[in-house]
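Working notes, structure below.
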Amino acid sequence: MALIPSQVLRIAILLSYFSILCHYKALDMPAHQTYGGSWKFLTFIDLVIQAVFFGLCVLIDISSLLTKGGDSREQERQLRKLIGLRDWMMAVLAFPVGAFVVFTFWSLYLYDRELVYPRLLDNFIPQWLNHGMHTTVLPFIIIEMRTTRHRYPSRSWGLAAVCCFGIGYILWTCWVQQVTGVWVYPVLERITPLARLLFFSAMTVVICVFYTLGEILNTYIWDQTHTGKVKGE
């Protein structure tokens with residue numbers, strides 16, 4: 001039996017995301033006042049994705065509790081729809097985008113933080129908030145994957161959806177640059193147009209790799225759990 005029920009963990013994680021989002025939006029940063037506001041940053045988009053995902057998880061927990069023991073086919077059908085949406089969000093958005101944000105942020109930060117998180121931001125963003133946006137995202141989503149089995153779509157459809165998200169965000173950053181004349185991330189200012197194209201292509205490949213890793217990890221966790229239960233019988 002788990003030390004902390006999964007339902008309690010989901011509520012705690014959801015509340016933590018609400019806190020992070022509220023503190024982030026309260027920051028008096030010049031970038032938040034320019035075209036696109038917070039929505040031009042993938043970190044903020046990911047925080048919203050994670051908050052919506054865990055909000056959906058909590059909603060499903062509450063719905064399951066309220067419909068437990070009932071015999072309404074319509075309620076069961078609606079609950080199955082919510083579960084299907086939750087599993088799709090986990091597969092296509094929550095895990096790959098969350099893992100991508102953590103991986104790319106800390107990779108660039110360790111190489112040269114000025115490329116992605118200039119020291120100037122230390123005057124606006126406290127360390128705990130930085131880790132809330134760029135570190136704890138991955139452990140939280142792995143906890144959810146470990147406590148609940150999620151059904152992935154076919155790999156071709158899943159990868160297509162992830163690619164659409166990645167390309168959509170790339171086009172959005174290009175549009176912001178077209179309007180403001182400034183790239184969202186300093187690293188894009190320092191490289192040539194050809195290198196920028198290669199960078200965008202590489203990042204699209206990386207997020208697709210994270211989708212595949214999420215699918216493999218989900219399968220491994222639950223195959224191991226099933227095998228352990230069979231051996232224990």
Side-chain angles (χ1 to χ4, degrees), residues 17 20-21 23-53 88-125 129-138 141 158-214:
Y17 277 121
I20 290 168
L21 282 167
H23 280 87
Y24 180 77
K25 291 297 292 182
L27 295 175
D28 186 20
M29 292 176 57
H32 290 179
Q33 312 306 321
T34 58
Y35 182 82
S38 304
W39 290 99
K40 57 180 173 283
F41 300 109
L42 185 59
T43 292
F44 179 76
I45 294 173
D46 178 52
L47 288 175
V48 174
I49 288 172
Q50 302 299 331
V52 171
F53 171 71
W88 184 88
M89 280 198 69
M90 167 62 124
V92 173
L93 295 175
F95 185 89
V97 177
F100 177 85
V101 166
V102 173
F103 173 79
T104 54
F105 175 83
W106 288 111
S107 295
L108 291 171
Y109 186 98
L110 292 174
Y111 176 73
D112 181 358
R113 66 170 295 179
E114 296 299 318
L115 296 176
V116 67
Y117 192 82
R119 285 180 172 79
L120 176 65
L121 293 179
D122 290 340
N123 298 323
F124 300 96
I125 304 176
L129 186 56
N130 179 29
H131 285 292
M133 296 187 298
H134 299 116
T135 305
T136 59
V137 172
L138 190 54
I141 204 65
L159 288 173
V162 170
C163 283
C164 286
F165 175 86
I167 293 171
Y169 181 71
I170 289 170
L171 293 176
W172 168 234
T173 59
C174 291
W175 175 254
V176 171
Q177 194 279 334
Q178 185 70 22
V179 172
T180 64
V182 178
W183 286 100
V184 174
Y185 302 103
V187 63
L188 298 174
E189 298 275 5
R190 302 187 183 187
I191 56 180
T192 64
L194 178 58
R196 205 174 290 134
L197 177 61
L198 293 174
F199 179 81
F200 286 144
S201 300
M203 293 300 100
T204 304
V205 171
V206 169
I207 199 170
C208 288
V209 168
F210 279 122
Y211 171 86
T212 306
L213 287 176

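One-based numbering along the sequence shown.
The two residues Ile141 and Gln50 come nearest to each other via the heavy atoms CD1-OE1, 3.7 Å. Considering all non-hydrogen atoms of both residues, Leu159 and Cys208 come closest at CD2-O, 3.6 Å. Between Tyr211 and Gly158 the shortest heavy-atom distance is OH-CA, 3.4 Å. The two atoms that bring Met203 and Phe100 nearest to each other are O-CE1, 3.5 Å, heavy atoms only. Closest approach of Phe210 and Phe95 over heavy atoms only: O-CE2, 3.4 Å.
Within a 6.0 Å radius of OH in Tyr111, no more than 12 heavy atoms belonging to other residues, nucleotides or ligands are found. In the displayed structure, Asp28 atom CG is contacted under 6.0 Å by at most 12 heavy atoms of other residues, nucleotides or ligands.
Residues satisfying the salt bridge (Lys or Arg N to Asp or Glu O under 4.0 Å) test with Glu114, not counting sequence neighbours, are Arg119. In terms of the ring pair (Phe, Tyr, Trp, His ring centres under 6.0 Å) criterion, residue partners of Tyr24 (sequence neighbours excluded) are, by chain and number, His32, Phe44. For Tyr109, the ring pair (Phe, Tyr, Trp, His ring centres under 6.0 Å) partners are Phe105, Trp106, not counting sequence neighbours.
The OH atom of Tyr169 lies 12.0 Å from the OG1 atom of Thr204; values are rounded to the nearest 0.5 Å. Note that OG1 of Thr104 and CD1 of Ile207 are 9.0 Å apart. Values are rounded to the nearest 0.5 Å. One distance of note links CD of Gln33 with OG of Ser38; it measures 8.5 Å at 0.5 Å rounding. Interatomic distance, CD1 of Ile49 versus CE of Met89, reported as 6.5 Å (0.5 Å rounding).
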| Test log, rule side chain to side chain contact (heavy atoms under 4.5 Å, CB included), inputs Leu93 and Phe53 | CA-CA 9 Å; Leu93 295 175; Phe53 171 71; over 6 Å; no

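No donor-acceptor pair under 3.5 Å is formed between the side chain of Gln177 and the backbone N or O of Val184. Proximity of a side-chain donor or acceptor of Lys40 to a complementary backbone N or O of Ala31 within less than 3.5 Å is detected. Remark: side-chain polar atoms of Trp172 are not paired, donor with acceptor, to backbone N or O of Gly36 under 3.5 angstrom. Using modelled atom types, one side-chain atom of Glu189 and one backbone atom of Trp183 make a donor-acceptor pair closer than 3.5 Å.
When side chains are defined from C-beta on, Val137 does not count as touching Val101, because their heavy atoms never get closer than 4.5 Å. Between Leu21 and Val48, some side-chain heavy-atom pair lies under the 4.5 Å cut-off. A heavy-atom distance below 4.5 Å is found between the side chains of Ile20 and Leu47. In this structure the side chain of Tyr35 reaches within 4.5 angstrom of the side chain of Trp175, judged on heavy atoms. For the pair Ile170 and Cys174, the minimum side-chain heavy-atom distance is below 4.5 Å. Under the 4.5 Å side-chain criterion, counting only non-hydrogen atoms from C-beta, His134 is not in contact with Val116. Between Leu115 and Tyr185 the shortest side-chain heavy-atom distance does not fall below 4.5 Å. Two residues are said to be in side-chain contact when any heavy atoms from C-beta on lie closer than 4.5 Å; Phe165 and Val92 fail this criterion.
Under the side-chain contact (heavy atoms from CB on, under 4.5 Å) test applied with Tyr117, the options Ile125, Leu108, Asp112 reduce to a single match, Ile125.
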